[in-house]
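Heads up, the thing below is written out as structure tokens.
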Amino acid sequence: MFLYNLTLQRATGISFAIHGNFSGTKQQEIVVSRGKILELLRPDPNTGKVHTLLTVEVFGVIRSLMAFRLTGGTKDYIVVGSDSGRIVILEYQPSKNVFEKIHQETFGKSGCRRIVPGQYLAVDPKGRAVMISAIEKQKLVYILNRDAAARLTISSPLEAHKANTLVYHVVGVDVGFENPMFACLEMDYEEADNDPTGEAAANTQQTLTFYELDLGLNHVVRKYSEPLEEHGNFLITVPGGSDGPSGVLICSENYITYKNFGDQPDIRCPIPRRRNDLDDPERGMIFVCSATHKTKSMFFFLAQTEQGDIFKITLETDEDMVTEIRLKYFDTVPVAAAMCVLKTGFLFVASEFGNHYLYQIAHLGDDDEEPEFSSAMPLEEGDTFFFQPRPLKNLVLVDELDSLSPILCCQIADLANEDTPQLYVACGRGPRSSLRVLRHGLEVSEMAVSELPGNPNAVWTVRRHVEDEFDAYIIVSFVNATLVLSIGETVEEVTDSGFLGTTPTLSCSLLGDDALVQVYPDGIRHIRADKRVNEWKTPGKKTIVKCAVNQRQVVIALTGGELVYFEMDPSGQLNEYTERKEMSADVVCMSLANVPPGEQRSRFLAVGLVDNTVRIISLDPSDCLQPLSMQALPAQPESLCIVEMGGTEKQDELGERGSIGFLYLNIGLQNGVLLRTVLDPVTGDLSDTRTRYLGSRPVKLFRVRMQGQEAVLAMSSRSWLSYSYQSRFHLTPLSYETLEFASGFASEQCPEGIVAISTNTLRILALEKLGAVFNQVAFPLQYTPRKFVIHPESNNLIIIETDHNAYTEATKAQRKQQMAEEMVEAAGEDERELAAEMAAAFLNENLPESIFGAPKAGNGQWASVIRVMNPIQGNTLDLVQLEQNEAAFSVAVCRFSNTGDEWYVLVGVAKDLILNPRSVAGGFVYTYKLVNSGEKLEFLHKTPVEEVPAAIAPFQGRVLIGVGKLLRVYDLGKKKLLRKCENKVLPSVPDQSC
């Protein structure tokens, strides 16, 4: 069944990450693939915050990703291997903010197939060739070069196929400027295929094969192949040419091996293991990912084991011959799918499951007490080194990117009574699992909150000088007074700003280069930089009811609908236009656009009238105050805001950078509706009106700045932000309490913030995660959450968490105790006291499993808990630990017709389940009664069943349970559940959808 779908939030898991200078500047950027999405990230070298520059849907599955740079170039290109049967080379164009397709070469069928290349990519480190390989048989090499116009060229594909061969990994070998070379981990299965006894399959060895691209003859040859002792899982390229000894590091189970051509002997070093590890001691250890850092004078590798421990690997050389491999424990971070070491000193970790992290590399770990392990150290075959894991020492966490991957269960409900439903998502794996509550809206960071003497009705920020980067004053207007606050290290009241403090303020702004203007009901106050003040008073008994100001113009509406227009002349004086304009009805709101760069004035004034219309009035000297267009509205306007949005950066003749966008008139109505209309920059015509209902209160609009562009903050019963992000318009609510008035705010700590008022408080807010649809709150869980149900009366969640290859808390404590006793027993008489101390330290040691991982108990070992959680506070109300090797797979909350209003929780549990080859000792259905208003589970009984109870659902006052391939109806009994009837003809095992 294929249904149309709308993506609410793009994928957050990362499968590949590469880094380089994709924009051609010196800035380091990261390109990540999220399944079918390519995303360009840029970590800010000063703050460490990761900003998303571009997100592109590729409409296919990205199977591999590599960056390369042509020799002598300053810009990195991106090679993408996908399920399209094509190799695609992309270039990032910063001026347009797009990935431009430079080359797209078709070589095979579409789809993720075994013999169609795309699964593996390898690039020659000098950027001269790229190899794209399939899992089996086919490999193609493309030569990359430049033409006369310095454009990237790509050759026809050169084949390097080999039948009956499986490929495990491919890398480009750094051979300087000799013929490009590629190293492959391969396995030939031809003999195994033809041998019915299975003996050949057991003896088949993996080989390391080198392919050479002969640039003179323009073809690829298998240069050299050798069998490997251990089965390798991936290769690391060692810098060559003038930078290092060349060759490859082979990462295999328990060992890392250096290999190269010629007389170079193999150098082999065991992978160190954790001291006193609770893991199964027979279990092998592998490296899962690596990152290389190379400077002109040195290089090192960071390789991560499957437990998350990172080792710094260096090679000792003697005249281009590698003599030893050195490993040193660096730090422990969550297990990564990809790691990138940036030249700016950051380590980007794209986690396999859960959130992704950006770390600052504070130390290289050269001068600490950590022991260094070397391949030259004598060890018995099969022995290894041991190290002690510890909290972060060389890395400092600077930013975190939210990731829901993988989502195991999701429900939509308004459990917090917020009118808008929330998404409750159980996600993650093992000890890094979490329950996340997703709310539609932008996350708001509260920078400061301060109480004010009374309830203000408006707030503005102004700068001292047009060239200033940050605001100088916050002006707060009350019913009968104006408060001026100076922004510095702290925010404090000032009295010498020139503002009139004994009257409410209608608006204020920076005028010209360094003057300020204050509009209040009885007049206009023009404050010069030298504190000289010019005042314009209202005529007779009229007062100013509405006004609109920008950097060079002031328009006021007097009682009775009369418009008065002022414009600043070259001497900085504010001059009144000779004529005034009488409107046909009372003015309820007005707006002026900002003065465009290089121009004298904004050409249009928007005026909202009591007769449910908006009129555009010209301010051009040739037809000043003449009406240009009009739009009728479904309700009375409350607020207007003209902004320039959706701009692309352009450079004018003088080299000044500015953005050229479209003018939009935003109209907030009293019935809670926002209209956005395109304003023609030449004629002033209004067209293409879009409508959105925002809330139950009249909509007030405020112009703010977001990512260097104008945006509109719309306030109704909920606040919304209308902004342009990555060339698309977004209108997103803010996840924050109701606000009443706001203004843009810029300071050193908060360059693009918002200052707002809510009742009697002044708040400084920042919106950092633009482009996000949801903001989230995460509550940690112990094991992988499988399913959860909602108790309808208390709104609490009942979550079942189950992990394979895991210990329960009781078994873990037991195993620790046993190991501590063994440590003491193994020690000699004279070392007994020291061993006892070490055993006590080991028992007290408690490293957080969310970072250091949970111990692997072995196949067929299960751990489960049943958790009752309050989804609002995120606190656990009750936790039931199941016994070792009991795995919870299904849960339901239900009522039985013979027990009245009481609620019961049924949990389906498998006993001693082994996944491969599948066997199970049976199962149970645990029955609990929900007591204490749904906060506690009271155990009633457990009902044995012969297979795994994979699905449970309430059904007509009884309960339906899928036991293996049987579907049964049970009712509640005193000692156990009573079987009422069953269906034996289901073709497959019933499963429980969340």
Side-chain angles (χ1 to χ4, degrees), residues 12-13 273-274 276-280 283 285 288-289 304-310 331-337 349-357 359 388-392 395 397 400-409 425-436 776-788 797 799-816 819 842-859 861-869 874-876 879-889:
T12 49
R273 299 185 77 123
R274 292 181 180 179
N276 306 325
D277 199 4
L278 295 181
D279 268 19
D280 176 9
R283 202 168 160 274
M285 181 61 63
V288 291
C289 74
Q304 187 183 37
T305 68
E306 55 189 324
Q307 288 182 318
D309 304 315
I310 297 177
D331 262 327
T332 300
V333 300
V335 180
V349 173
S351 299
E352 203 175 16
F353 302 104
N355 292 357
H356 314 295
Y357 302 97
Y359 296 94
Q388 190 65 40
R390 53 163 168 69
L392 293 181
L395 298 174
L397 181 63
E400 193 170 339
L401 279 70
D402 287 330
S403 169
L404 301 176
S405 172
I407 295 175
L408 292 124
C409 187
V425 181
C427 53
R429 177 175 175 240
R432 298 193 66 223
S433 306
S434 57
L435 178 90
R436 304 200 185 198
Q776 49 182 274
V777 186
F779 306 122
L781 302 174
Q782 189 174 347
Y783 303 122
T784 307
R786 302 292 168 167
K787 293 183 176 72
F788 67 86
L797 305 184
I799 308 166
I800 52 169
E801 304 165 33
T802 303
D803 264 338
H804 180 235
N805 203 356
Y807 292 118
T808 61
E809 287 300 314
T811 318
K812 215 180 290 173
Q814 212 173 315
R815 227 177 113 55
K816 268 187 132 176
M819 284 176 71
F842 167 61
L843 286 172
N844 291 331
E845 183 184 70
N846 199 5
L847 295 169
E849 288 186 357
S850 56
I851 297 165
F852 293 90
K856 304 283 187 285
N859 198 12
Q861 299 280 332
W862 295 83
S864 280
V865 297
I866 307 162
R867 185 186 301 267
V868 180
M869 181 186 264
N875 54 322
T876 298
L879 189 72
V880 177
Q881 304 257 3
L882 297 186
E883 288 177 27
Q884 183 73 45
N885 293 2
E886 289 192 347
F889 282 110

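Note that the structure is a prediction, hence the values are computed from the model and not measured.
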Report the residues that fulfil salt bridge (charged side-chain N to carboxylate O under 4.0 Å, His left out) with [X], sequence neighbours left out, ordered by chain and then residue number.
| X | value |
| --- | --- |
| Arg867 | Glu801 |
| Arg273 | none |
| Arg815 | none |

Under 4.5 Å between any side-chain heavy atoms of [X] and [Y], yes or no?
| X | Y | answer |
| --- | --- | --- |
| Tyr359 | Asp331 | no |
| Val333 | Tyr357 | no |
| Val335 | Glu306 | no |
| Ser434 | Cys427 | yes |
| Arg436 | Asp402 | yes |

**Prompt:** With Tyr783, which residues qualify under ring-ring contact (aromatic ring centres under 6.0 Å, His included), at least two apart?
**Reply:** none
Please report the interatomic distance [atom1]([X]) to [atom2]([Y]), rounded to the nearest 0.5 Å.
| X | Y | atom1 | atom2 | answer |
| --- | --- | --- | --- | --- |
| Ile851 | Arg432 | CD1 | CZ | 8.5 Å |
| Leu781 | Thr876 | CG | OG1 | 7.5 Å |
| Leu843 | Lys816 | CG | NZ | 6.5 Å |

Is the backbone of [Y] close enough, under 3.5 Å, to the side chain of [X] for a donor and an acceptor to pair up by distance?
| X | Y | result |
| --- | --- | --- |
| Asn805 | Gly858 | yes |
| Asn355 | Glu400 | no |
| Thr802 | Ser864 | no |
| Gln884 | Thr808 | yes |
| Asp803 | Ala863 | no |

Can you list the residues that meet the side chain to side chain contact (heavy atoms under 4.5 Å, CB included) rule with [X], with sequence neighbours excluded?
| X | answer |
| --- | --- |
| Thr12 | Gln9, Arg34, Ser403, Leu404 |
| Asn276 | Met819, Met823, Phe842 |
| Arg274 | Asp277, Gln307, Asp309, Thr332, Phe387, Pro389, Phe852 |

So which heavy atom on [X] is nearest to which on [Y], and how close?
| X | Y | value |
| --- | --- | --- |
| Val349 | Pro334 | CG1-O, 3.9 Å |
| Gly430 | Thr784 | N-OG1, 2.7 Å |
| Ser405 | Gly13 | CB-CA, 3.7 Å |
| Leu278 | Tyr807 | O-OH, 3.4 Å |

List for me each residue that meets side-chain hydrogen bond (donor to acceptor under 3.5 Å, both in side chains) alongside [X], sequence neighbours excluded, and say none if there are none.
| X | value |
| --- | --- |
| Gln782 | Glu809 |
| Glu845 | Gln388 |
| Glu352 | none |
| Ser351 | none |

**Request:** Scan residues 846-855 for pairs that pass side-chain hydrogen bond (donor to acceptor under 3.5 Å, both in side chains), counting only residues two or more places apart or in two chains.
**Result:** Lys812-Glu849
**Request:** On the 0 to 90° scale, with breaks at 30° and 60°, tag the Trp862-His804 ring pair as parallel, tilted or perpendicular.
**Result:** tilted
